[in-house]
Amino acid sequence: MKNLKSYILIAMVAVLFSSCAKNLSVNFQTNSENTGSIVIALTAPLKGSVLTVDDKLLVDKEFVKKITIKNVPVGDHDVNFSSDSWQYQTNVNEKFKIKTEKEKESAKIVTRPPYSTGYYVLWGGEIIADIIFIIFVLPHN
């Protein structure tokens, strides 16, 4: 039974710290002639991410690490990146212009805000619930 308890504890910790954030790659258009790419690099994964380029919705409420937009026509573009998850102290709302050049990548770094108090309370509650489960619910020898 001690092995079973250890395996359950390992499984709980793995689930707690797992991440499903994606490195997304999207096409702005199908035509690839005279285009470049835009890369939005995040300092940490962000939940609820929304991205528009020239008012065209490309990402809608995704959990992302990095976004690459391919086949963006050469020139200046208006980019709006936002994230409104309750997990962070503030919402992200980055609006910027970015210039693309033929067959080159243009990049922008977006910083994730600190976690909110509610996030830490929920996270701590989950750890306490896991400990209580292990101590009181699992059979003891």
Side-chain angles (χ1 to χ4, degrees), residues 1-140:
M1 276 301 163
K2 286 185 180 184
N3 283 340
L4 177 62
K5 189 185 288 189
S6 297
Y7 292 135
I8 291 174
L9 178 61
I10 291 169
M12 287 178 177
V13 170
V15 168
L16 182 65
F17 291 106
S18 66
S19 172
C20 299
K22 305 172 195 170
N23 288 325
L24 285 181
S25 182
V26 296
N27 285 316
F28 183 80
Q29 63 183 12
T30 55
N31 182 5
S32 62
E33 294 179 28
N34 203 26
T35 63
S37 297
I38 298 173
V39 176
I40 309 297
L42 306 173
T43 58
L46 273 169
K47 290 191 177 205
S49 298
V50 176
L51 175 74
T52 63
V53 176
D54 297 335
D55 294 325
K56 183 176 183 178
L57 181 65
L58 299 174
V59 176
D60 188 19
K61 301 282 184 185
E62 295 284 343
F63 184 24
V64 296
K65 294 183 212 176
K66 179 175 96 171
I67 304 169
T68 303
I69 306 117
K70 298 179 180 176
N71 298 334
V72 182
V74 170
D76 292 327
H77 300 280
D78 294 317
V79 178
N80 186 9
F81 177 86
S82 65
S83 174
D84 61 354
S85 175
W86 64 271
Q87 293 182 345
Y88 311 115
Q89 287 180 4
T90 59
N91 293 336
V92 175
N93 194 9
E94 297 272 336
K95 294 180 181 184
F96 52 92
K97 288 196 176 285
I98 196 161
K99 183 176 184 170
T100 54
E101 297 179 25
K102 187 174 183 177
E103 298 178 11
K104 292 189 178 179
E105 281 187 349
S106 302
K108 171 72 174 167
I109 297 173
V110 175
T111 303
R112 189 201 76 203
Y115 286 115
S116 68
T117 303
Y119 173 81
Y120 288 112
V121 168
L122 183 66
W123 190 75
E126 184 172 336
I127 290 174
I128 291 168
D130 290 346
I131 291 168
I132 290 170
F133 178 80
I134 290 167
I135 293 171
F136 296 109
V137 177
L138 288 180
H140 298 279

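Since we're looking at a predicted model, the values are computed, not measured.
Side-chain contact check for Val92 versus Leu46: some heavy-atom pair is nearer than 4.5 Å. Using a 4.5 Å heavy-atom cutoff, the side chains of Leu51 and Asn80 are not in contact. In this structure, Val59 and Thr52 have side chains that are not in contact, with every pair of non-hydrogen atoms separated by 4.5 Å or more. Under the 4.5 Å side-chain criterion, counting only non-hydrogen atoms from C-beta, Tyr115 is not in contact with Gln89.
Looking at every heavy atom in both residues, Trp86 comes nearest to Ser116 through O-OG, 3.1 Å. Taking each heavy atom of Tyr119 and Gln87 in turn, the nearest pair found is CB-O, 3.7 Å.
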Q: Any chance you could lay out the side-chain contact (heavy atoms from CB on, under 4.5 Å) test for Val110 and Ile40, step after step, and finish with the verdict?
A: CA-CA 7 Å; Val110 175; Ile40 309 297; 3.8 Å; yes

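Residue pairs meeting the side chain to side chain donor-acceptor pair (under 3.5 Å) criterion with at least one member in residues 26-40, sequence neighbours excluded, are Asn27-Asn71. Sorted by first then second residue, the side chain to side chain donor-acceptor pair (under 3.5 Å) pairs that include residues 93-102, not counting sequence neighbours, are His77-Thr100, Asp78-Lys97.
Salt-bridge check for Lys47 with Asp84: failed, with every basic side-chain N at 4.0 Å or more from each acidic carboxylate O.
Within 6.0 Å of the CG atom in Asp60, the count of heavy atoms belonging to other residues, nucleotides or ligands exceeds 12.
Just one of Thr111, Val64, Ile109 meets the side chain to side chain contact (heavy atoms under 4.5 Å, CB included) condition when paired with Leu42; it is Val64.
Remark: Ser106 OG to Ile38 CD1 distance equals 6.5 Å, nearest 0.5 Å. We find the CD1-OG distance between Ile67 and Ser49 to be 5.5 Å, quoted to the nearest 0.5 Å. Going from atom CG of Asn91 over to atom OG of Ser83 covers 7.0 Å, rounded to the nearest 0.5 Å.
Both tests hold for Lys56 against Phe28: distance to the six-membered ring centre under 6.0 Å, angle to the ring axis within 45°. By the 6.0 Å and 45° rule, Lys22 does not stack over the aromatic ring of Phe63.
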